[in-house]
Amino acid sequence: MASLSFSFELFPPRTPEGVAKLPLVLDQLAAAHPAYFSVTYGAGGSDQEGTYETLLTVVRHTGVEAAPHLTCVGSTRKHIAALLDRYREAGVRRIVALRGDLPATALSPAAPGEFRYANELVSFIRQTHGDHFKIEVAAYPEMHPQASGPGADFDNFRRKVEAGADAAITQLFYNPAAYFDFMERCGKAGITIPVVPGIMPITSYASITKFCAGCGADLPRWVRLRLEELQFDRAALHDFGAGVVTRLCETLVKNGAPGLHFYTINQAEPTLRLLRNLAAAVPA
Ligand code: FAD
């Protein structure tokens, strides 16, 4: 089996404790030799300075490539152009290009501002910077919650690929069949870019049910019931969650997933535990 390629997602820490803890988390994660780190960008641009600062911290502290997430909701071409220039000057070669989440009150699936959808952001990056940046986009094996249907959502994914995306990272999911179905649809549509599963470790009943509800991911009933039962037994819940997600990762990698992207939530151990579990089956 080919060696496993993986990347780690971080968010800009929001508290002094989070800032203080980041170097240790980076040391632990970097020791696993990820292909790159990515750093999220808050909805509505709220974390843009934080993304930049965290990106610099990652690169300086680990020497590993770091990719900023860039959302276009509510933004202007001028603002995005300035951000792209700033990232380019900082040595960035990879960007995760997204629309971003709309305000809860939004009536239309189109974002306010000069970019309505992520495919327009991808086109803009290509127009202004050619092939300088490797562009990653989001993919939704279980459908984006605001899409009018799975077919329309897939057509929208294809638009991002046609606009120049090099690779995609999926929304978190716990049904591997949804990923394989998505890949089958890519095959039929002639889409050959790598689509890397986004993997969220399970460490809390409250947070995983909230995440899944927020992004439209299906948490299988039996998993939800087991987590609910174990919610006040931290060690047992961690063991159970690690087992579920390890089996998910194994199934994905053994059946052709080109790599794994871990939503670390700035915690090293849950992700490293999964990688240790996977090491026997899938040499890194
Ligand atoms: P798009 O691809 O633009 O799709 C958005 C919706 O519009 C979909 O329902 C799609 O079907 C529909 N659509 C697209 N094009 C058209 C069209 N031409 N006509 C009609 N409908 C259309 N959010 C953040 O705020 N910050 C982050 O850092 C961040 N990182 C993420 C990383 C990953 C890997 C993923 C999977 C998601 C991330 N998100 C992040 C969440 C993301 O911003 C939301 O899911 C957002 O609602 C959609 O972004 P998108 O880029 O997928 O949008």
Side-chain angles (χ1 to χ4, degrees), residues 6-14 36-52 54-55 66-75 80 83 87 94-104 106-125 134-173 178-179 182 185 191 193-200 211-217 259-266:
F6 53 88
S7 46
F8 295 143
E9 183 168 310
L10 302 164
F11 63 84
R14 294 185 201 107
Y36 68 95
F37 285 92
S38 79
V39 184
T40 62
Y41 183 101
S46 55
D47 280 335
Q48 69 180 245
E49 202 52 37
T51 302
Y52 184 74
T54 305
L55 182 104
H69 293 208
L70 181 57
T71 66
C72 57
V73 58
S75 197
I80 295 285
L83 275 176
Y87 284 134
R94 185 193 301 253
I95 285 186
V96 184
L98 302 145
R99 183 196 67 179
D101 281 322
L102 300 181
L107 297 173
S108 143
E114 291 182 13
F115 299 91
R116 292 169 310 156
Y117 299 108
N119 67 300
E120 296 169 9
L121 175 62
V122 175
S123 296
F124 183 74
I125 299 173
K134 177 166 184 180
I135 303 178
E136 312 269 348
V137 291
Y140 299 88
E142 294 180 310
M143 196 182 94
H144 184 267
Q146 284 147 4
S148 56
D153 199 36
F154 190 81
D155 288 344
N156 294 326
F157 174 67
R158 187 183 4 215
R159 278 192 195 104
K160 294 193 275 195
V161 177
E162 287 167 357
D166 294 295
I169 304 167
T170 76
Q171 186 55 276
L172 66 96
F173 62 90
Y179 173 79
F182 190 85
R185 286 187 280 159
I191 294 174
I193 64 165
V195 179
V196 175
I199 304 294
M200 174 78 82
F211 281 135
C212 287
C215 70
L260 298 170
H261 179 80
F262 291 94
Y263 297 112
T264 71
I265 321 286
N266 293 15

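Because the structure is predicted, anything quoted here is derived from the model rather than measured. Every number for a ligand or one of its atoms is a count from 1 in the order of the listing.
Counting the atoms of ligand 1 from 1 in the order shown, those under 4.0 Å from a heavy atom of Gln171 are 36 (C). Under a 4.0 Å criterion applied to the non-hydrogen atoms of Asp153, ligand 1 contributes the atoms 8 (C), 9 (O), 10 (C), 11 (O). Taking every non-hydrogen atom of Ile169 and a distance limit under 4.0 Å, the qualifying atoms of ligand 1 come out as 34 (C). For ligand 1, the atoms sitting less than 4.0 Å from at least one non-hydrogen atom of Ala147 are 9 (O), 11 (O), numbered in the order shown with element in parentheses. Listed by number with element, the atoms of ligand 1 under 4.0 angstrom from any heavy atom of Thr40 are 28 (O). Close approach to Ala138 involves these atoms of ligand 1, each under 4.0 Å from a residue heavy atom: 35 (C), 36 (C), 52 (O). Atoms of ligand 1 found under 4.0 Å from any heavy atom of Tyr263, numbered from 1 in the order shown, are 33 (C), 34 (C), 36 (C). Against a heavy-atom cut-off of under 4.0 Å, His144 is close to the following atoms of ligand 1: 6 (C), 8 (C), 9 (O), 45 (O), 46 (C), 47 (O), 48 (C).
Put simply, the side chain of Tyr179 gets close to the backbone of Val195: a donor and an acceptor are under 3.5 Å apart. In this structure, the side chain of Thr170 engages the main chain of Gly198 through a donor-acceptor pair within 3.5 Å. Of the possible polar contacts, one joining the Thr264 side chain to the Glu9 backbone as a donor-acceptor pair under 3.5 Å is found.
For the pair Gly100 and ligand 1, a heavy-atom separation below 4.0 Å is found.
Counting only non-hydrogen atoms, the option in His261, Arg99, Arg159 that gets closest to atom 5 (C) of ligand 1 is Arg99. Between the choices Val196, Asp101, Thr71, the shortest heavy-atom distance to atom 41 (C) of ligand 1 belongs to Asp101. For atom 12 (C) of ligand 1, the nearest non-hydrogen atom from the set Asn156, Asn119, Val39, Leu121 belongs to Asn156. In the candidate list Phe154, Phe115, Tyr117, Tyr117 is nearest to atom 15 (N) of ligand 1, counting heavy atoms. Distances from atom 52 (O) of ligand 1 to the heavy atoms of Tyr140, Phe11, Tyr41 put Tyr140 nearest.
Ligand 1 has no nitrogen or oxygen under 3.5 angstrom from a nitrogen or oxygen of Val96. Taking any N or O of Glu9, backbone or side chain, none lies under 3.5 Å from an N or O belonging to ligand 1.
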- Task: Starting from the C-alpha separation in whole Å, work towards a yes-or-no answer on side-chain contact (heavy atoms from CB on, under 4.5 Å) for His261 and Ser38.
- Result: CA-CA 9 Å; His261 179 80; Ser38 79; 3.4 Å; yes
- Message: Could you walk me through whether Asn119 and Lys160 satisfy the side-chain contact (heavy atoms from CB on, under 4.5 Å) test, starting with their C-alpha distance in whole Å, then the side-chain angles of each, then the deciding distance to 0.1 Å, before giving a yes or no?
- Response: CA-CA 4 Å; Asn119 67 300; Lys160 294 193 275 195; 3.9 Å; yes
- Full working for side-chain contact (heavy atoms from CB on, under 4.5 Å) between Tyr263 and Gln171: CA-CA 10 Å; Tyr263 297 112; Gln171 186 55 276; 4.1 Å; yes
- Query: Please walk me through it: do Phe6 and Val196 pass side-chain contact (heavy atoms from CB on, under 4.5 Å)?
  - Reply: CA-CA 9 Å; Phe6 53 88; Val196 175; over 6 Å; no
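For the residue pair Thr40/His69, the side-chain donor-acceptor check at 3.5 Å is not satisfied.
Checked against the 6.0 Å centroid threshold, Phe154 and Phe182 count as a close aromatic pair.
The side-chain tip of Arg94 points at the ring of Tyr36 from less than 6.0 angstrom away and within 45° of straight on.
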